Enquirer: 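Sharing a structure below in structure tokens format, with a few things to ask.
All heavy atoms count here, side chains included; hydrogens, waters and symmetry mates do not. Not measured: the values here are computed from a predicted model. Proteins come first, then strands; the chains are lettered A, B, ... in the order of their sequence lines, and each starts at number 1.
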There are 2 protein chains.
Amino acid sequence: MNLQEAIKEKINSKREEYTQFLQSVVQQPSTTGNELKAQTIVADRLKELGLEVDVWVPDFEELKKSEFFNPRRDNYENSPNVVGILKGKKNGRSLILNGHIDVVPAGDESKWTDHPYSGKVIEGKLYGRGTTDMKGGNMSTLIALETIIDLGIELKGDVIYESVIEEETGGAGTLAAIQRGYKADVALIPEPSEMKIFPKQQGSLWFEVTVEGVSAHGGTRYEGVSAIEKGWIVFQEILRLEETRNKPLRKDPLYKNNPIPIPINIGQFNGGYFPSAVPEEAKIQGRYGIAPGETITEAKEMFQSMLENLKSIDEWFEKYPVSVEWGGIHLPPGGCDDDHPMLEVLKNNYYKVEKEEPIIAGSTWATDGGLLTQAGGIPSIVFGPGTTSMAHFTDEYVDLEKMFRTAEITALSIIEWCEINE
Amino acid sequence: MNLQEAIKEKINSKREEYTQFLQSVVQQPSTTGNELKAQTIVADRLKELGLEVDVWVPDFEELKKSEFFNPRRDNYENSPNVVGILKGKKNGRSLILNGHIDVVPAGDESKWTDHPYSGKVIEGKLYGRGTTDMKGGNMSTLIALETIIDLGIELKGDVIYESVIEEETGGAGTLAAIQRGYKADVALIPEPSEMKIFPKQQGSLWFEVTVEGVSAHGGTRYEGVSAIEKGWIVFQEILRLEETRNKPLRKDPLYKNNPIPIPINIGQFNGGYFPSAVPEEAKIQGRYGIAPGETITEAKEMFQSMLENLKSIDEWFEKYPVSVEWGGIHLPPGGCDDDHPMLEVLKNNYYKVEKEEPIIAGSTWATDGGLLTQAGGIPSIVFGPGTTSMAHFTDEYVDLEKMFRTAEITALSIIEWCEINE
């Protein structure tokens with residue numbers, strides 16, 4: 001039996017066990033600030049595998065020293081990072097497997113078929129918030145690692161398994177892992193790429209725009225100015241900016257099948273405080289995609305100039321200029337060189353398992369890869385089993401078959417990259 | 001000295017005292033649920049005047065029996081109604097002086113020049129939330145009553161002074177006063193009419209419309225449907241409905257100088273829950289003006305048919321119909337007959353004090369007059385000192401000079417209506 005067959009057989013023999021373990025992780029609603037229980041389960045598993053395990057609470061003061069830090073909270077109590085290290089036997093090429101444990105909120109729970117944290121398996125799909133983004137992905141890399149250990153394979157290079165907090169709301173977890181000194185020759189991030197390989201990942205910033213109106217009694221609303229109506233003008237200009245920013249990327253082969261390569265998503269629009277008063281303030285919150293190769297500063301300047309131009313559309317904005325705050329997610333774009341050797345390794349092993357060429361594309365969202373690349377100097381590649389369209393979505397699921405096949409490709413790639421210590 | 005001179009002189013001699021008393025009432029932030037302290041101050045004053053005073057907590061179960069009840073809460077603890085009765089000596093014509101003690105929230109406090117509940121007097125204006133709407137109005141009727149008592153005038157008919165809760169959020173206070181049996185031949189409501197006389201008052205309903213979208217990750221927002229964008233279509237149709245509904249009223253002489261006689265004010269627009277998720281729900285809340293003579297049922301049907309027509313504008317609404325809830329303010333339109341004798345009384349006494357004809361118009365907002373008229377069978381007229389445009393507004397104030405002149409006109413009108421018992 002060759003190595004590939006051995007890996008496949010080993011994984012298949014433990015499908016039930018892996019599924020149950022993933023369920024136990026999914027059943028922890030590990031939204032920002034609530035990661036402790038899920039992280040404890042992961043850390044215990046890594047310890048059972050015999051890895052060196054490092055569990056620590058990120059230090060706010062230390063994080064503050066980094067230009068990439070954009071805090072959402074001022075302490076990380078109950079939100080530890082977990083890192084497990086499989087030490088290589090010689091100085092082989094090293095690898096980080098990076099995945100976040102935090103999940104976005106479940107949204108309107110009544111729209112879910114089952115409870116959002118059920119972990120139910122139906123027809124090969126495991127359901128729950130965070131299954132696709134990205135506990136199923138983390139599971140695929142964990143299975144890869146566990147399989148290598150199960151098969152008694154010793155590697156030359158180190159494999160560093162990172163289960164980090166807070167990717168969804170800022171990136172503090174990965175930044176803390178970089179600051180703690182975890183480095184490798186390349187990082188693999190199993191975000192939900194649908195088994196596509198993403199050598200480039202866009203960045204993402206969260207914005208909050210404030211639009212002013214003038215309040216009045218609703219019965220004489222013509223004496224006020226609605227911040228909601230003015231906010232709609234801003235909304236449309238944001239969409240126009242998205243169009244402008246995406247034009248050049250439409251020619252990029254990595255984004256050829258993508259209708260909006262770097263989207264600006266307006267996720268929240270909140271205006272007014274009382275039904276019978278004219279709203280005097282509206283807040284527009286969203287995420288702003290940053291093109292690979294663009295800096296955060298350049299992207300912010302472009303947004304700011306759109307806001308300044310508003311006064312040429314409506315003189316209201318001359319007297320009441322619109323302001324923007326950048327808070328929450330603040331992830332630079334990331335990636336690796338086009339000819340990075342890990343890309344070849346992944347492509348080859350993908351072909352071995354899938355019997356077809358992989359799709360190479362640019363990511364439709366930001367990942368911690370931007371921090372790994374820009375703050376850590378570690379080239380990063382995204383490759384994961386989750387379904388992109390299910391991320392942040394009602395009835396989110398991960399396809400277990402794809403998760404196991406991703407694990408197989410990942411195990412083969414780890415072995416090829418880090419090399420067997422004969 | 002004639003009666004008018006005596007009234008004017010008496011009021012003028014107590015301007016300082018009345019101003020301080022009004023300040024003490026304004027300094028109580030009597031928003032819905034927090035009316036107790038302000039009501040206690042009012043009740044104490046009525047007792048000092050020697051009135052029969054009735055202080056009671058409205059009974060939820062009793063209120064529920066009325067078709068006009070539209071609850072916002074399920075108990076009225078800490079929100080008592082206060083009624084003071086000046087008994088007439090013979091069976092003369094009776095009068096209700098009705099005013100609400102509750103105020104709308106202050107909004108963004110940082111926009112106020114002084115604290116929203118300062119009660120500061122600057123250049124003849126007394127500032128604070130609720131001064132114009134309608135504690136200054138309540139003060140003008142209280143001064144009128146107190147002046148009649150000060151002058152030792154005995155009336156033939158009863159005067160019933162009502163300080164009610166919850167006009168701004170539903171009308172439960174006035175409804176409870178009607179249910180408790182307080183009746184009169186006519187009601188005078190000193191809402192902020194700027195000393196205009198309003199023989200007709202529009203009704204007002206609060207609505208909450210729910211618009212659905214489909215969530216997705218913000219990075220692939222094209223895979224979702226934004227409830228905010230769909231909500232904007234609904235927003236525009238609501239404004240179109242307003243246009244349709246106001247056309248016939250533009251010919252009504254009572255509304256001749258009013259750009260939007262019965263406005264639909266969209267006070268709140270809230271969509272989405274997360275910056276980097278496509279918003280799956282938006283809620284639009286507002287107040288819906290009801291034309292004098294229109295029933296609440298007719299008005300609701302017109303709104304409903306606008307919502308049903310949405311599918312002809314965007315087929316999205318075929319699959320995801322928009323729903324409406326009617327909650328909060330639920331006030332029918334009110335008023336009196338065109339030839340009601342109290343109108344003549346008010347007009348005559350207005351002329352005596354102001355030396356010019358009063359402006360007769362239709363109210364730009366709903367008042368408790370609708371409940372008095374429709375639930376109580378009591379014709380109602382609005383006449384008050386407050387500035388309409390300052391109601392629900394930052395830096396709300398009442399002009400003290402106008403308040404005292406309104407008190408003078410009101411005292412003369414009470415005496416003419418209820419008649420002196422010689």
Enquirer: Taking Ala277(A)'s backbone N and O only, do any of them form a donor-acceptor pair with Asn265(B)'s side chain (distance below 3.5 Å, no angle check)?
Expert: yes
Enquirer: Return the set of residues passing salt bridge (Lys or Arg N to Asp or Glu O under 4.0 Å) with Asp252(B) (not counting sequence neighbours), or none when no residue passes.
Expert: none
Enquirer: Which pair of heavy atoms, one from Gly218(B) and one from Pro263(A), lies closest together, and at what distance?
Expert: O-CB, 3.6 Å
Enquirer: Looking at chain A, which one of Ser363(B), Ala216(B), Ser204(B), Pro261(B) has the largest number of heavy-atom pairs inside 4.5 Å, strictly under?
Expert: Ala216(B)
Enquirer: Do Phe393(B) and Val214(A) come close enough that some side-chain heavy atom pair is under 4.5 Å?
Expert: yes
Enquirer: At a heavy-atom separation under 4.5 Å, does Gln236(B) approach chain A through its side chain, its backbone, both, or neither?
Expert: neither
Enquirer: Between Thr169(B) and chain A, which part of the residue has a heavy atom less than 4.5 Å away: side chain, backbone, both or neither?
Expert: side chain
Enquirer: In terms of heavy-atom pairs under 4.5 Å, which option from Trp206(A), Phe207(A), Tyr288(A), Trp232(A) contacts chain B the most?
Expert: Trp232(A)
Enquirer: Where on Ile284(B) is there a heavy atom nearer than 4.5 Å to chain A: the side chain, the backbone, both, or neither?
Expert: neither
Enquirer: Which members of residues 220-229 of chain B, sorted by number, sit under 4.5 angstrom from chain A on a heavy-atom basis?
Expert: Thr220(B), Arg221(B), Tyr222(B), Glu223(B), Ile228(B), Glu229(B)
Enquirer: Count the heavy-atom pairs under 4.5 Å between each of Ala366(B), Ala282(B), Gly286(B) and chain A, then report the option with the highest count.
Expert: Gly286(B)
Enquirer: For atom CG of Leu239(A), is the number of surrounding heavy atoms from other residues, nucleotides or ligands below 6.0 Å larger than 12?
Expert: yes
Enquirer: Under 4.5 Å from any heavy atom of chain A, what part of Thr394(B) do you find: side chain, backbone, both or neither?
Expert: side chain
Enquirer: Can you tell me which of Asn258(B), Ile262(B), Asp133(B) forms the most heavy-atom pairs within a distance under 4.5 Å of chain A?
Expert: Asn258(B)
Enquirer: Classify the ring geometry between His217(B) and Trp365(A) as parallel (under 30°), tilted (30 to 60°) or perpendicular (over 60°).
Expert: tilted
Enquirer: Which atoms of Phe235(B) come close to chain A, meaning under 4.5 Å heavy atom to heavy atom: side chain ones, backbone ones, both, or neither?
Expert: side chain
Enquirer: Can you tell me how far the NZ atom of Lys111(B) sits from the CD atom of Glu281(A), to the nearest 0.5 Å?
Expert: 5.5 Å
Enquirer: For Ile313(B), does the CD1 atom have more than 12 heavy-atom neighbours from other residues, nucleotides or ligands under 6.0 Å away?
Expert: yes
Enquirer: May I ask you to test the Gln268(A)-Pro279(B) pair for a side-chain heavy-atom distance under 4.5 Å?
Expert: no
Enquirer: Check whether any side-chain N or O of Glu280(A) sits under 3.5 Å from a backbone N or O of Asp108(B) as a donor-acceptor pair, and report yes or no.
Expert: yes
Enquirer: Given heavy-atom pairs under 4.5 angstrom as the criterion, report whether the side chain, backbone, both or neither of Ile264(A) touches chain B.
Expert: backbone
Enquirer: Just so I understand: if I count every heavy-atom pair under 4.5 Å between each of Glu208(A), Glu396(A), Glu242(A), Met390(A) and chain B, which residue has the most?
Expert: Glu242(A)
Enquirer: Tell me which of these, Ser389(A), Ser215(A), Gly272(A), Gly271(A), has more heavy-atom pairs under 4.5 Å with chain B than the rest.
Expert: Gly271(A)
Enquirer: Just verifying a value: how many Å separate His392(A) NE2 and Tyr273(B) OH, rounded to the nearest 0.5 Å?
Expert: 8.0 Å
Enquirer: Non-hydrogen atoms of chain A under 4.5 Å away: do they reach the side chain of Lys283(B), the backbone, both or neither?
Expert: neither
